[in-house]
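Inspection log for the structure reproduced underneath, given as structure tokens.
So you know, we letter chains A, B, ... as the sequences are listed, proteins then strands, and number each from 1.
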There are 2 protein chains.
Amino acid sequence: MAYRETEKMRERKARARQNIIERTWECVAEGGFRSARITRIAGLAGVATGTIYRHFESREDLFAEIFRLATQREVDKVAEALNVYGNAVERLDNALRKFAQRALKGPMKAWALIAEPVDPKVEEERLVYRKAYASLFEQAIRDGIAEGCIPDQNARLASTCLVGAISESLVGPLSPTQTDIPPGQDNNEDELVNTIVCFCIRGLTGTRS
Amino acid sequence: MAYRETEKMRERKARARQNIIERTWECVAEGGFRSARITRIAGLAGVATGTIYRHFESREDLFAEIFRLATQREVDKVAEALNVYGNAVERLDNALRKFAQRALKGPMKAWALIAEPVDPKVEEERLVYRKAYASLFEQAIRDGIAEGCIPDQNARLASTCLVGAISESLVGPLSPTQTDIPPGQDNNEDELVNTIVCFCIRGLTGTRS
DNA sequence: ACAAAGAATGAACCATGATTCACTACTTGT
DNA sequence: ACAAGTAGTGAATCATGGTTCATTCTTTGT
């Protein structure tokens, strides 16, 4: 008898898997899921295409995992930003700002997570993601209504509007075919974030900033 | 000498072309551009696949034309709704409502026009479309600022927010993988439209409805 | 050093779907 | 009726890109 899987081997495999995940996310950040080719991912990861299939059942499964990991990160950040000291409006303002800033830092990623059409297994993950956001914002809106700093309204729909306004405003203008915004114009970006967040908060509260 | 293209022939060709366009739009309304197969379009139109290529240079060109025609229709409708009697806020309210209602009536169409990733030639058309909307809303917002019914703000960015909020709020919830909303719930739809439009108007004006 | 077991490889395979083109069928002017 | 020219056809071709699998390389226990 011979080869038995050893700890060292397990680790090496885990590292390889992790590496594939990271390279894939790089690809996605570059052109979305659709254009992330297995061959390219394998190339970046420095392995053969077949190797990908030793670690993941299929392309779709790989993507689903990537998606899950990435969205978890995003949702956590927003939850964190929603957890600062202050009233509901201030906390929402903070969270929206964080959301917008993160999306702007990686517009392609944001697009892939929010709007890119994806295969069923990935779409399933997206549903979870949407729900996670919706719940976070919805709860904050309810808090605000209870505190009296937000007028009574349908918190669920309002939270959808929030996500919609912010994500499209960011993803739309900054999606794939966009070359006319010179990079490094933080000025522009700051104004964009401000305008969007103001719009959202006003939409919610009905009061001028 | 013989065959010279005659009026009758020209008409027949035009009719065939028109038919292809309409069948294609049907396909798009069903599953977006990506899933609109040439073979299916040809089948619906009752012609051979090769025939499509007698009328259009390529699939992409066909799609670009479809897109152009469809968006023209949409933009015209919104322009019209923006042209009613009333102050800027009322006119915007009316236009937003029209936009939302039309999108809800054909969620897949709306998604295809607004958010579906498309090939370059089609994306180019979409840019025109976005600009057309942006200009319409932007002008109305400027009017409102001049009239004093909308506070001073960056009209261009605000118009983007409007389109963003409304389109994502509609397209997101109603995009492809959506089966949990029983059809015919006009109640739901009305509330959705109301909430979104209220949100947009408040976002713009900062006043409670 | 050797054999057993798994890991890695990447060229071959396969599915999908757009596009082509040799051919047929139709229109038209004489 | 015929010839010239055009429209229509759809099976064959081509391109893309995910997936497989026979083979080679590594690791491990004796």
Side-chain angles (χ1 to χ4, degrees), chain A residues 1-21 23-24 27-28 30-67 116-122, chain B residues 1-21 23-24 27-28 30-67 116-122:
Chain A
M1 207 193 322
Y3 185 88
R4 263 309 95 86
E5 181 177 72
T6 178
E7 186 53 33
K8 177 183 145 203
M9 246 342 190
R10 232 188 318 279
E11 259 175 39
R12 181 203 282 195
K13 279 204 287 182
R15 214 167 24 245
R17 189 188 153 92
Q18 186 56 31
N19 183 40
I20 290 171
I21 287 179
R23 278 341 113 227
T24 303
C27 276
V28 171
E30 222 170 68
F33 287 100
R34 173 134 89 122
S35 78
R37 310 281 162 224
I38 291 289
T39 48
R40 175 142 168 61
I41 294 169
L44 282 180
V47 299
T49 58
T51 304
I52 305 287
Y53 290 87
R54 298 208 131 259
H55 292 278
F56 300 90
E57 196 62 31
S58 69
R59 189 172 109 113
E60 212 181 337
D61 277 317
L62 168 58
F63 284 178
E65 173 121 15
I66 301 296
F67 198 98
E116 180 179 6
V118 291
D119 290 308
K121 276 185 188 167
V122 181
Chain B
M1 207 193 324
Y3 187 87
R4 267 305 98 84
E5 181 177 71
T6 178
E7 187 53 33
K8 177 184 144 202
M9 248 341 192
R10 233 189 315 280
E11 260 175 38
R12 183 204 281 195
K13 280 205 287 182
R15 220 174 9 252
R17 189 188 154 92
Q18 186 56 30
N19 183 42
I20 290 170
I21 287 178
R23 280 338 113 228
T24 304
C27 276
V28 171
E30 222 170 70
F33 287 100
R34 172 133 88 124
S35 78
R37 310 283 163 222
I38 291 291
T39 49
R40 175 144 169 58
I41 294 169
L44 281 180
V47 299
T49 58
T51 304
I52 305 286
Y53 289 88
R54 296 206 137 260
H55 292 277
F56 299 91
E57 196 61 31
S58 69
R59 190 172 108 112
E60 213 181 338
D61 277 318
L62 168 58
F63 285 178
E65 172 122 16
I66 301 297
F67 198 98
E116 180 179 7
V118 291
D119 291 307
K121 277 185 187 167
V122 181

If you fit an axis to the five pairs at each end of the helix from dA1(C)-dT30(D) to dT30(C)-dA1(D), how big is the angle between those two axes, to 10 degrees?
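Roughly 0°, once rounded to the nearest ten degrees.
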Distance in angstrom units between [X] [atom1] and [N] [atom2], rounded:
X	N	atom1	atom2	value
Arg15(A)	dA7(C)	CZ	P	15 Å
Glu7(B)	dT28(C)	CD	C1'	15 Å
Met9(A)	dC25(D)	CE	C1'	11 Å
Glu11(B)	dA7(D)	CD	C1'	17 Å
Ile20(A)	dT9(C)	CD1	P	9 Å
Arg10(B)	dT6(D)	CZ	P	13 Å
Phe56(B)	dA7(D)	CZ	P	14 Å
Asp61(B)	dT19(C)	CG	C1'	13 Å

Validation row: Phe56(A), Thr24(A) side chains within 4.5 angstrom (heavy atoms):
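Sidechains of Thr24(A) and Phe56(A): no contact.
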Of the candidate nucleotides dT27(D), dG10(C), dT9(D), which contains the atom at the shortest distance from the side chain of Ala48(A)?
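Closest nucleotide among those given: dG10(C).
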Between dA7(C), dT28(C), dT28(D), which nucleotide has the shortest distance from any of its atoms to the side chain of Lys8(B)?
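So the nucleotide nearest the side chain must be dT28(C).
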Output yes when a side-chain donor or acceptor of Ser35(B) lies under 3.5 Å from a complementary backbone atom of Gly31(B), and no otherwise.
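Between the backbone of Gly31(B) and the side chain of Ser35(B) there is a qualifying donor-acceptor contact (under 3.5 Å).
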Mind checking side chain to side chain contact (heavy atoms under 4.5 Å, CB included) for Arg54(B) and listing every partner two or more places apart, or none if nothing turns up?
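Per chain and number, Arg54(B) pairs via side chain to side chain contact (heavy atoms under 4.5 Å, CB included) with no residue.
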Can you give one letter per nucleotide of nucleotides 18-23 of chain D, 5' to 3': B if a protein heavy atom sits under 4.0 Å from the base, S if only from the sugar-phosphate, - if neither?
SBB---
Name all residues meeting the salt bridge (charged side-chain N to carboxylate O under 4.0 Å, His left out) criterion together with Asp119(A); count only those two or more places apart in sequence or in a different chain, and write none if there are none.
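Checked Asp119(A) against salt bridge (charged side-chain N to carboxylate O under 4.0 Å, His left out); zero matches.
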Testing the basics here: between Ala45(B) and Asn19(B), what is the closest heavy-atom pair and its distance to 0.1 Å?
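Heavy-atom minimum between the residues: O-ND2, 3.3 Å.
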Pair up each side-chain donor or acceptor in residues 58-67 of chain A with any protein partner under 3.5 Å, not counting sequence neighbours, and list the distances.
{"from": "Ser58(A)", "atom 1": "OG", "to": "Glu60(A)", "atom 2": "N", "distance (Å)": "3.4"}
{"from": "Ser58(A)", "atom 1": "OG", "to": "Asp61(A)", "atom 2": "N", "distance (Å)": "3.2"}
{"from": "Ser58(A)", "atom 1": "OG", "to": "Asp61(A)", "atom 2": "OD2", "distance (Å)": "3.4"}
{"from": "Arg59(A)", "atom 1": "NH1", "to": "Ala36(A)", "atom 2": "O", "distance (Å)": "2.7"}
{"from": "Glu60(A)", "atom 1": "OE2", "to": "Lys121(A)", "atom 2": "N", "distance (Å)": "3.1"}
{"from": "Asp61(A)", "atom 1": "OD1", "to": "Lys121(A)", "atom 2": "NZ", "distance (Å)": "3.3"}
{"from": "Glu65(A)", "atom 1": "OE1", "to": "Arg17(A)", "atom 2": "NH2", "distance (Å)": "2.7"}
{"from": "Glu65(A)", "atom 1": "OE2", "to": "Arg17(A)", "atom 2": "NH2", "distance (Å)": "3.0"}

Pairwise salt bridge (Lys or Arg N to Asp or Glu O under 4.0 Å) hits with a residue in residues 30-43 of chain B, at least two apart
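Qualifying pairs: Glu30(B)-Arg40(B).
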Would one find a side-chain N or O of His55(B) under 4.0 angstrom from OP1 or OP2 of dA7(D)?
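His55(B) to dA7(D) OP1/OP2: no side-chain N or O under 4.0 Å.
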Output yes when at least one side-chain N/O atom of Arg12(A) is less than 4.0 Å from OP1 or OP2 of dT27(D), else no.
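Yes.
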Atom CD of Glu57(A) with >12 non-hydrogen neighbours under 6.0 angstrom:
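No.
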Tell me, with the steps shown, if Lys8(B) and Glu11(B) meet salt bridge (Lys or Arg N to Asp or Glu O under 4.0 Å).
CA-CA 5 Å; Lys8(B) 177 184 144 202; Glu11(B) 260 175 38; over 6 Å; no
